[in-house]
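As C-alpha cells, the structure follows; a few thoughts come after it.
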2 protein chains.
Amino acid sequence: MAVFRRRGFARTSIRDLAEATGLHPGSLYQAYGSKEGLFAAAVTTYNELVVEHRVRTHLDEAEPPLRGIDTFFASTFDDDGDDDSAADGPNPGCLLTNTAVEAHLLPGTSRDGVAAGLNLIEQGFQRVLERARQAGQINPTAATDQLAAQLLALYQGVLVLVRFGAPTTKLAAIVAHAVPAIIASGHHAEGST
Amino acid sequence: MAVFRRRGFARTSIRDLAEATGLHPGSLYQAYGSKEGLFAAAVTTYNELVVEHRVRTHLDEAEPPLRGIDTFFASTFDDDGDDDSAADGPNPGCLLTNTAVEAHLLPGTSRDGVAAGLNLIEQGFQRVLERARQAGQINPTAATDQLAAQLLALYQGVLVLVRFGAPTTKLAAIVAHAVPAIIASGHHAEGST
DNA sequence: ACCTTTGTTGAACGTTCGCTAAACAAAGGG
DNA sequence: CCCTTTGTTTAGCGAACGTTCAACAAAGGT
C-alpha cells in the first residue's frame, strides 16, 4: 500500500510489491488475481486504515469542530501524520489524489475505491460542519454539503502541492486563509441577504 | 505532449510516442536524448502552448478581470478548452497537475518545468487580481500574492476532480462559490478590521 | 557529379514486466 | 498415518520496455 502511494500503479512492479509484502509473486496472484486486483485492495485498505482514521480523528472527534478541519489540512504537510508520511523521503501525499489522475486508466474497482475514499472525506467535512453549526460556529443556514465539496476541492489541491514539495510555510498560509474563507462564505453570503 | 497528458510518463511508451509524433525511436533519441528528456521538452512545450495561452486569454486579457478567473476555472471542465480537451474520451486534466504527483520520481528538468508552469498560473492569478484591484473590484489592501496562492491550490484541486471525472454540475458549483469566497476574503477580513 | 554532414529508419539488444505452473510445504480431516 | 486441500515458492515464459547502431536517405557544399 505504501509503495503504491509513493510510486503510483504503473511504476510499481510486482517485484517491488513482493519485496514490500514479503510474499512472492505467486502468492500475490493467488490472493488478488492480478496487479490491478492488488491495487484495488490497497485502495480499500488505505481508505480503512488511513482515511477513515484521519476523518474520525480530525473531523468527527476534534473539538472545537472547526479546529479539526485545520488540523486535517495541516497534517498533510506536518510530520505528525500517518505512518507513511513519517518515513524518510518526499511526502507521499494521498494515495487517492495520486490515483485520481490515473484512475481512468485503471479498472472500475480501483476507481470505485478512489470515489469511496473521496466520499469519506467529503462526508467527514459535512459532518464536522454540521457539528460546527450546532456549536454555533457557523451560520445556521449555511449549506454544509456545498461547503464540504468546496473543502474537498481545496484539500485535493493542497495535496497536489504537498506532493510536489511546495514549501510548508506556503502551504500553511494557504490553509490558514482559504479554509476560513470558504467556511465563512456561508456566513458572509447569508449575512448580506 | 497530448499522450503524456493522458497517460502520464510511466505509462507512455516510446512506441506510443513514436506513433503520436510520426517519428521513429531513433529520431526521438537523436533529438531528445532520452524518454525523460522528451518528457521535459513536452512539459516546456505545454507551458508555452497551453498554459501561457490560457493565462493570457483568461487572466491577462479578460474583462472584467474577475470574470477571467471564473472562465479560467470553468474552461477546465467545459468543452471549449484547448485542443486536447476537445478530443474524445476522459478529460485529460492538466499535464502539470498530473505530473506533480509523480514529479519526485522524474529528473529535475521535468520538475523544473512543472514548477515553472505552476508559477505561470500563480503569477497570472496575481496579475489579474492586481487588475481587479485597480478596477475597484476587490479591496485595495488585499494581499494579491496570498490570494493567488490560494487560488492556485483550489485550481489544482479542481483539476484533480476534473481528471477523476467529477460531475460538471458539481464542479461548477464548487467554482461558483469557492472562488468568490477566497477572493472576497480580502474584502471580508479587511472589512471587519 | 561526388563527398560530407545531418537526420531517419528499422532491426535487435539486454532488461524488466506481469503472470503462470510445477514443485513443494503446511494445514485439515478421516 | 495417509490423503486432500490450501497456500507458497521459484523458475521461467512471452511480451513489452528503453535504447542503440548499422544502414540508408536527405540535405548541403564544392
Side-chain angles (χ1 to χ4, degrees), chain A residues 1-46 48-49 89-90 92 95-96 98-114, chain B residues 1-46 48-49 89-90 92 95-96 98-114:
Chain A
M1 184 181 80
V3 190
F4 276 133
R5 190 177 179 186
R6 290 183 182 283
R7 302 180 59 84
F9 177 80
R11 230 195 219 94
T12 305
S13 70
I14 289 288
R15 287 161 182 79
D16 293 333
L17 295 164
E19 181 177 333
T21 58
L23 298 178
H24 289 81
S27 299
L28 294 176
Y29 280 94
Q30 169 71 15
Y32 301 104
S34 64
K35 186 179 173 187
E36 276 96 352
L38 182 56
F39 190 72
V43 172
T44 299
T45 301
Y46 181 80
E48 291 167 358
L49 293 190
L95 178 63
L96 301 178
N98 303 347
T99 305
V101 299
E102 63 172 341
H104 74 101
L105 297 164
L106 294 168
T109 45
S110 299
R111 283 203 302 279
D112 293 342
V114 173
Chain B
M1 185 179 80
V3 190
F4 276 135
R5 191 178 178 184
R6 290 183 181 281
R7 303 178 60 82
F9 176 81
R11 234 195 217 94
T12 305
S13 70
I14 288 289
R15 287 159 182 79
D16 293 331
L17 295 165
E19 180 176 334
T21 58
L23 298 178
H24 287 83
S27 300
L28 294 176
Y29 279 93
Q30 169 71 14
Y32 300 106
S34 64
K35 186 181 172 185
E36 277 96 353
L38 183 55
F39 189 73
V43 172
T44 300
T45 301
Y46 181 80
E48 290 167 359
L49 293 190
L95 179 63
L96 301 178
N98 304 347
T99 305
V101 300
E102 64 173 343
H104 74 101
L105 298 164
L106 292 168
T109 45
S110 299
R111 284 204 301 280
D112 292 343
V114 173

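Convention: sequence-line order gives letters A, B, ...; per-chain numbering from 1.
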Can any side-chain N or O of B/Arg7 pair as donor or acceptor with the backbone N or O of B/Ala2 at less than 3.5 Å? no
Measure the CG-OG1 distance between A/Leu105 and A/Thr99 for me, rounded to the nearest 0.5 Å. 11.5 Å
Per-nucleotide protein contact string for nucleotides 4-18 of chain C (B base, S sugar-phosphate only, - none; heavy atom under 4.0 Å): ----SBB-B----BB
Is the B/Phe9 ring parallel, tilted or perpendicular to the B/Phe4 ring (thresholds 30°, 60°)? parallel
Ignoring hydrogens and angles, state whether a donor on the side chain of B/Ser13 or B/Asp16 is under 3.5 Å from an acceptor on the partner side chain. yes
Walk me through it: do B/Tyr29 and B/Leu38 pass the test side-chain contact (heavy atoms from CB on, under 4.5 Å)? CA-CA 8 Å; B/Tyr29 279 93; B/Leu38 183 55; over 6 Å; no
